[in-house]
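Everything below concerns the one structure shown next.
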Amino acid sequence: MKQQSCNTIWHQASVTRARREALNGHRSAILWFTGLSGAGKSTLAHAVEERLHELGCLTFVLDGDNVRHGLCGDLGFSDADRHENIRRVGELAKLMLEAGVITLTAFISPFRAERELARRLVADGDFIEIYCNCSLDVCESRDVKGLYQMARQGQIPHFTGISSPYQPPDHPELIVNTDQAELKACVEQVMRVLTARGVVAAERDEAGDAIRRL
């Protein structure tokens, strides 16, 4: 259960999210990439960020491993710690949303309840869940760190997909089959969703080859 700090009052800033978005020239949003370890979440998130950066968008990727070096460095991988990990990331992503940033999060986030908790922190349309669907066999074949092998040998407890469950999203905004499609095609799928939802708007120039942000 979420705890509420005592004797605190939310301060409403005069510089609002809408003003920041107007300055940036695009809406802010949370892109929540979820899937098994090795499904390509971080790879896709960073590739999408690169594409958005080329269009002049303000972006930031919250990567699962990177966050555990600082903000969540005190957490393990028990169910309770995973819950707290996602709670913290959800709150941070919400703040970055208010800052006008397109925030891309790449976390296994194995439990539906935790992902729904993060979704409920923000308004409808601000949270875009992207399921990186990849077979366990392919994920294991991509495992350069040998984590799956260690998990199967019992050396890593609570490893998602082996000794801890992964619950696929019921109704994600986008399913990307990262074990079948090339990275460029996956990026295009995400960009189409962002354009359709009005997060970014783009047009081709008269030559039809260069894309610029409106």
Side-chain angles (χ1 to χ4, degrees), residues 1-5 30-49 60-97 103-122 127-180 183 186 190:
M1 181 179 295
K2 180 180 178 180
Q3 294 182 348
Q4 182 67 47
S5 298
I30 298 171
L31 281 63
W32 194 281
F33 295 84
T34 178
L36 292 171
S37 177
K41 301 177 298 299
S42 293
T43 299
L44 180 55
H46 283 283
V48 171
E49 183 187 35
F60 196 82
V61 175
L62 296 173
D63 181 87
D65 283 347
N66 292 355
V67 166
R68 283 183 175 271
H69 277 272
L71 177 66
C72 298
D74 59 324
L75 300 177
F77 291 91
S78 66
D79 288 356
D81 280 357
R82 287 179 184 273
H83 176 90
E84 175 60 14
N85 184 57
I86 296 306
R87 188 195 70 79
R88 293 182 193 181
V89 171
E91 293 286 357
L92 176 56
K94 177 183 177 181
L95 291 174
M96 297 185 74
L97 180 80
T103 306
L104 307 91
T105 76
F107 292 82
I108 295 174
S109 46
F111 304 122
R112 295 189 190 98
E114 276 67 46
R115 297 194 299 267
E116 283 304 308
L117 181 149
R119 180 188 291 272
R120 291 195 300 270
L121 289 173
V122 297
F127 188 95
I128 301 172
E129 188 174 30
I130 301 169
Y131 175 34
C132 294
N133 183 30
C134 185
S135 71
L136 182 60
D137 287 344
V138 172
C139 288
E140 290 197 62
S141 71
R142 295 173 173 174
D143 184 23
V144 295
K145 299 178 183 178
L147 298 178
Y148 277 101
Q149 182 179 358
M150 287 189 287
R152 289 193 179 280
Q153 293 173 349
Q155 299 176 31
I156 303 178
H158 309 293
F159 192 86
T160 303
I162 304 299
S163 53
S164 185
Y166 177 80
Q167 300 172 344
D170 287 327
H171 304 289
E173 279 71 19
L174 177 64
I175 298 176
V176 182
N177 294 315
T178 54
D179 58 352
Q180 300 175 22
L183 178 59
C186 295
V190 177

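Scope of the values below: all heavy atoms of this structure, side chains included, with no hydrogens, waters or symmetry mates.
- Side-chain N or O atoms of Asp63 include none that pairs as donor or acceptor with a backbone N or O of Ala106 at under 3.5 Å.
- Residues Arg119 and Glu116 are paired through a salt bridge, judged by an N-O separation under 4.0 Å between the basic side chain and the carboxylate.
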From CA spacing to verdict: side-chain contact (heavy atoms from CB on, under 4.5 Å), Cys132, Leu44: CA-CA 9 Å; Cys132 294; Leu44 180 55; 4.1 Å; yes
Steps toward side-chain contact (heavy atoms from CB on, under 4.5 Å) verdict (Val176, Asn133): CA-CA 6 Å; Val176 182; Asn133 183 30; over 6 Å; no
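- Judged purely by atom type and a 3.5 angstrom limit, Ser109 uses its side chain to pair as donor or acceptor with the backbone of Phe107.
- Atom CZ of residue Arg88 and atom CG of residue Leu62 lie 14.0 Å apart, to the nearest 0.5 angstrom.
- Taken to the nearest 0.5 Å, the CD1 atom of Ile128 stands 6.5 Å off from the CD1 atom of Ile130.
- Put simply, CG on Leu147 and CD on Gln155 are 10.5 Å apart, with the number rounded to the nearest 0.5 Å.
- Under the 3.5 Å distance criterion, the side-chain polar atoms of Arg142 are matched with a main-chain donor or acceptor of Gly38.
- Of the residues Leu104, Val89, Leu97, the one that meets the side chain to side chain contact (heavy atoms under 4.5 Å, CB included) test with Ile30 is Leu97.
- Remark: the backbone N or O of Ile108 is paired with a side-chain donor or acceptor of Thr34 at under 3.5 angstrom.
- Between the side chain of Ser163 and the backbone N or O of His158 there is at least one donor-acceptor pair closer than 3.5 Å.
- For the atom pair CG (Leu92) and CZ (Arg87), the distance works out to 11.5 Å, reported to the nearest 0.5 Å.
- Arg112 contributes atom CZ, which lies 9.5 Å from atom NE2 of His171 (distance to the nearest 0.5 angstrom).
- Side chain of Ser141 to backbone of Val138: a donor-acceptor contact under 3.5 angstrom is found.
- Less than 6.0 angstrom separates the ring centroid of Tyr148 from the ring centroid of Phe159.
- Remark: Arg115 engages Glu129 in a salt bridge, criterion side-chain N to carboxylate O under 4.0 Å.
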Leu31 vs Val190, side-chain contact (heavy atoms from CB on, under 4.5 Å): CA-CA, chis, key distance, verdict: CA-CA 9 Å; Leu31 281 63; Val190 177; 3.9 Å; yes
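- One distance of note links CD1 of Ile175 with OH of Tyr131; it measures 7.5 Å at 0.5 Å rounding.
- In this structure, the side chain of Lys41 engages the main chain of Gly35 through a donor-acceptor pair within 3.5 Å.
- A donor-acceptor contact shorter than 3.5 Å links the side chain of Thr178 to the backbone of Ala39.
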